[in-house]
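Take a look at the structure set out below.
All values below come from the heavy atoms of this structure, side chains included, with hydrogens, waters and symmetry mates left out.
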Amino acid sequence: MAYLVHCLYRAGGAEERLAFRRAHIEHMLEWLPRTVFGSAILGEDGKAAGMLVALSVDSAAEAQRFLEAEPYFKAGLFEKVSVDALVQMTPPYSRDVLERELAKSP
């Protein structure tokens with residue numbers, strides 16, 4: 001089963017996320033074997049507005065565990081969060097994409 005974790009930043013959350021970005025990417029690497037896809041959500045201004053993560057997990061409770069351990073979530077950066085069941089249609093990106101981002105992170 002796949003679950004979509006949809007999170008939108010609260011006011012100021014997008015800017016504050018940079019302090020937690022390294023931990024966020026490390027969290028994503030840990031969950032990569034169970035990730036269908038992950039993406040930033042951009043606002044009309046082209047700036048970060050939130051994130052989407054689709055997980056291939058056995059239950060909504062496991063998707064909730066992903067969320068509760070997510071550094072941006074733990075830091076209170078999101079105003080709106082939902083976890084919904086979905087049908088997996090695409091494969092994940094490779095580990096290299098996240099490792100390149102991790103190398104760029106302070």
Side-chain angles (χ1 to χ4, degrees):
M1 188 91 198
Y3 288 86
L4 182 67
V5 178
H6 180 251
C7 306
L8 297 176
Y9 293 118
R10 62 168 168 71
E15 295 78 15
E16 293 173 33
R17 84 185 191 290
L18 298 177
F20 304 95
R21 190 162 191 264
R22 183 172 192 80
H24 162 75
I25 294 170
E26 289 170 348
H27 178 71
M28 294 306 301
L29 283 167
E30 180 183 332
W31 280 82
L32 191 60
R34 294 164 283 183
T35 300
V36 178
F37 72 86
S39 178
I41 299 171
L42 301 180
E44 291 181 18
D45 59 2
K47 295 181 181 177
M51 71 173 202
L52 287 174
V53 179
L55 299 168
S56 179
V57 294
D58 294 328
S59 66
E62 193 171 359
Q64 190 66 35
R65 282 192 295 278
F66 160 85
L67 181 62
E68 289 172 1
E70 210 298 314
Y72 293 167
F73 180 82
K74 287 170 51 174
L77 301 182
F78 300 124
E79 176 178 25
K80 183 176 178 185
V81 175
S82 64
V83 177
D84 299 294
L86 59 96
V87 177
Q88 178 178 343
M89 303 297 281
T90 60
Y93 282 106
S94 71
R95 182 176 186 88
D96 296 343
V97 171
L98 287 174
E99 288 178 346
R100 279 195 307 272
E101 288 301 311
L102 186 59
K104 291 190 271 184
S105 186

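- Arg22 and Leu102 get closest at one heavy-atom pair: NH1-O, 3.4 Å.
- Summarising the geometry of Pro33 relative to Leu29, their closest heavy-atom pair is CD-O, 3.9 Å, with the distance given to 0.1 Å.
- What you find for Val83 and Ala63 is that their closest heavy atoms are CG1-CB, 3.7 Å.
- Looking at residues two or more places apart in sequence or on another chain, you find a side chain to side chain donor-acceptor pair (under 3.5 Å) between Gln64 and Glu68.
- Applying the salt bridge (charged side-chain N to carboxylate O under 4.0 Å, His left out) test to every pair with at least one member in residues 34-56, sequence neighbours left out, gives these pairs: Arg34-Glu62.
- Counting only residues at least two apart or on different chains, the ring pair (Phe, Tyr, Trp, His ring centres under 6.0 Å) pairs with a member in residues 44-69 are His27-Phe66, Trp31-Phe66.
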Could you go through Asp58 and Met1, starting from their C-alpha distance and side-chain angles, then the distance that decides it, and tell me whether this counts as side-chain contact (heavy atoms from CB on, under 4.5 Å)? CA-CA 6 Å; Asp58 294 328; Met1 188 91 198; over 6 Å; no
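- Follow the hydrophobic side-chain contacts under 4.5 Å out from Leu77 and you never reach Leu18; the two are in separate clusters.
- The side chain to side chain donor-acceptor pair (under 3.5 Å) test applied to His24 returns Glu70, not counting sequence neighbours.
- Partners of Lys80 under the side chain to side chain donor-acceptor pair (under 3.5 Å) rule, at least two apart in sequence or in another chain, do not exist in this structure.
- Between Ala49 and Gly43 the shortest heavy-atom distance is CB-N, 3.7 Å.
- Distance check, rounded to the nearest 0.5 Å: CZ of Arg65 to CG of Leu55 gives 11.0 Å.
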Side-chain polar contacts of residues 3-12 - donor-acceptor pairs under 3.5 angstrom, sequence neighbours left out - could you list them?
unit_1 : atom_1 : unit_2 : atom_2 : d
Tyr3   : OH     : Ala60  : N      : 3.4
Arg10  : NE     : Gly76  : O      : 2.7
Arg10  : NH1    : Glu16  : OE2    : 3.2
Arg10  : NH2    : Glu16  : OE1    : 2.6

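- Residue Phe78 holds its CZ atom at 7.5 Å from OH of Tyr72, rounded to the nearest 0.5 Å.
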